[in-house]
Amino acid sequence: GEDVEQSLFLSVREGDSSVINCTYTDSSSTYLYWYKQEPGAGLQLLTYIFSNMDMKQDQRLTVLLNKKDKHLSLRIADTQTGDSAIYFCAESMWSGGGADGLTFGKGTHLIIQP
Amino acid sequence: DVKVTQSSRYLVKRTGEKVFLECVQDMDHENMFWYRQDPGLGLRLIYFSYDVKMKEKGDIPEGYSVSREKKERFSLILESASTNQTSMYLCASSGSANTGELFFGEGSRLTVL
């Protein structure tokens with residue numbers, strides 16, 4: 001079955017880069033996503049990558065996808081206190097029109113040290 | 001912007017009570033979902049719906065039911081609440097014309113005493 005794994009915690013110093021890693025098992029995933037959840041709030045989509053891409057960059061965010069190893073990472077450059085949140089990796093086999101939903105990892109708590 | 005609104009942010013109910021959690025989306029999305037979120041367990045899919053009056057079980061449907069009478073509204077029902085249903089409940093929606101991403105509401109934190 002589908003499974004998405006990620007570390008539960010990551011601690012970084014303010015100003016450093018944060019790298020959050022994720023592995024997934026389903027090789028037929030079409031899209032992979034990173035969501036951010038701030039305390040007491042719902043999840044917000046940060047970025048996504050299509051499975052035929054290796055990398056996607058969006059300002060301070062860089063997503064790397066190694067499809068062979070089924071490994072996804074999110075790099076946040078110049079980490080700020082506002083980046084403190086839970087980050088969820090998710091996968092989808094969505095191919096248009098269906099309602100399969102996403103399979104989520106358990107989330108990585110990003111802790112920023114001053 | 002897509003807006004998914006959950007009617008109650010915080011609820012406290014007693015064991016055995018019937019509980020309704022309401023969710024409304026304003027983007028004419030076909031698909032709607034209910035997840036629960038628990039520490040250390042992440043998000044688990046309870047039910048989803050891909051059309052009015054249609055519903056599908058997710059991974060943990062036991063103890064829950066849903067209703068989708070209108071396209072914009074998806075309700076989660078706990079027929080007889082139990083303490084192990086104390087959780088954060090997240091509603092989400094998605095359309096067929098985008099890349100499959102889900103848009104989430106702010107969540108409803110339910111405590112069952």
Side-chain angles (χ1 to χ4, degrees), chain A residues 1-9 20 22-24 26 28-53 56 58 63 65 72 85-109, chain B residues 1-6 8-10 21 23 25 29-52 54-61 66 68 71 74 88-109:
Chain A
E2 301 167 9
D3 200 11
V4 178
E5 299 283 343
Q6 51 184 134
S7 302
L8 288 183
F9 295 96
I20 304 171
C22 169
T23 58
Y24 60 98
D26 200 319
S28 54
S29 297
T30 51
Y31 287 94
L32 295 127
Y33 310 82
W34 284 105
Y35 280 84
K36 177 183 181 182
Q37 184 182 35
E38 295 181 352
L43 277 69
Q44 288 184 300
L45 180 68
L46 269 182
T47 186
Y48 67 89
I49 188 166
F50 189 47
S51 59
N52 69 352
M53 297 169 65
K56 181 177 181 181
D58 183 4
V63 178
L65 175 61
L72 183 74
I86 304 175
Y87 291 82
F88 290 90
C89 172
E91 65 170 352
S92 169
M93 290 184 291
W94 186 88
S95 57
D100 299 322
L102 305 183
T103 300
F104 288 87
K106 291 183 170 53
T108 299
H109 291 245
Chain B
D1 282 349
V2 175
K3 191 161 179 66
V4 179
T5 304
Q6 295 183 230
S8 304
R9 291 296 307 275
Y10 302 94
L21 299 179
C23 176
Q25 50 93 5
H29 280 170
E30 294 83 1
N31 312 312
M32 296 189 74
F33 307 82
W34 276 105
Y35 288 88
R36 65 177 282 178
Q37 182 181 14
D38 300 289
L41 296 178
L43 274 73
R44 293 179 291 168
L45 182 63
I46 305 171
Y47 267 98
F48 65 96
S49 168
Y50 53 87
D51 201 353
V52 175
M54 304 303 288
K55 59 185 179 184
E56 295 285 343
K57 293 180 179 179
D59 299 318
I60 51 163
V66 290
R68 189 142 182 228
K71 190 176 185 180
F74 193 35
M88 170 72 93
Y89 291 88
L90 294 168
C91 175
S93 71
S94 72
S96 300
N98 58 20
T99 56
E101 70 262 30
L102 300 185
F103 297 87
F104 282 86
E106 291 291 295
S108 298
R109 184 165 292 282

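Here D38(B) pairs with R36(B) in a salt bridge; the nearest charged N to carboxylate O distance falls below 4.0 Å.
Only the side chain of L90(B) has a heavy atom closer than 4.5 Å to any heavy atom of chain A. Only the side chain of Q37(B) comes within less than 4.5 Å of a heavy atom in chain A; its backbone stays farther off. The contact between L43(A) and chain B is made by backbone and side chain atoms together, counting heavy-atom distances below 4.5 Å. Looking at Q44(A), there are no atoms closer than 4.5 Å to chain B (heavy atoms on both sides), in backbone or side chain. Heavy atoms closer than 4.5 Å to chain B are found in the side chain of F88(A), but not in its backbone.
A cation-pi contact, defined as under 6.0 Å to the ring centre and within 45° of the axis, is absent between K55(B) and F74(B).
Put simply, of R44(B), E106(B), R9(B), the one with the most heavy-atom pairs under 4.5 Å next to chain A is E106(B).
Heavy-atom minimum distance, P61(B) versus G58(B): CD-O, 3.7 Å.
Between F104(B) and Y35(A), the ring-plane angle classifies as perpendicular under the 30° and 60° cut-offs. The aromatic rings of Y31(A) and F50(A) sit tilted relative to each other, their planes meeting at an angle between 30° and 60°.
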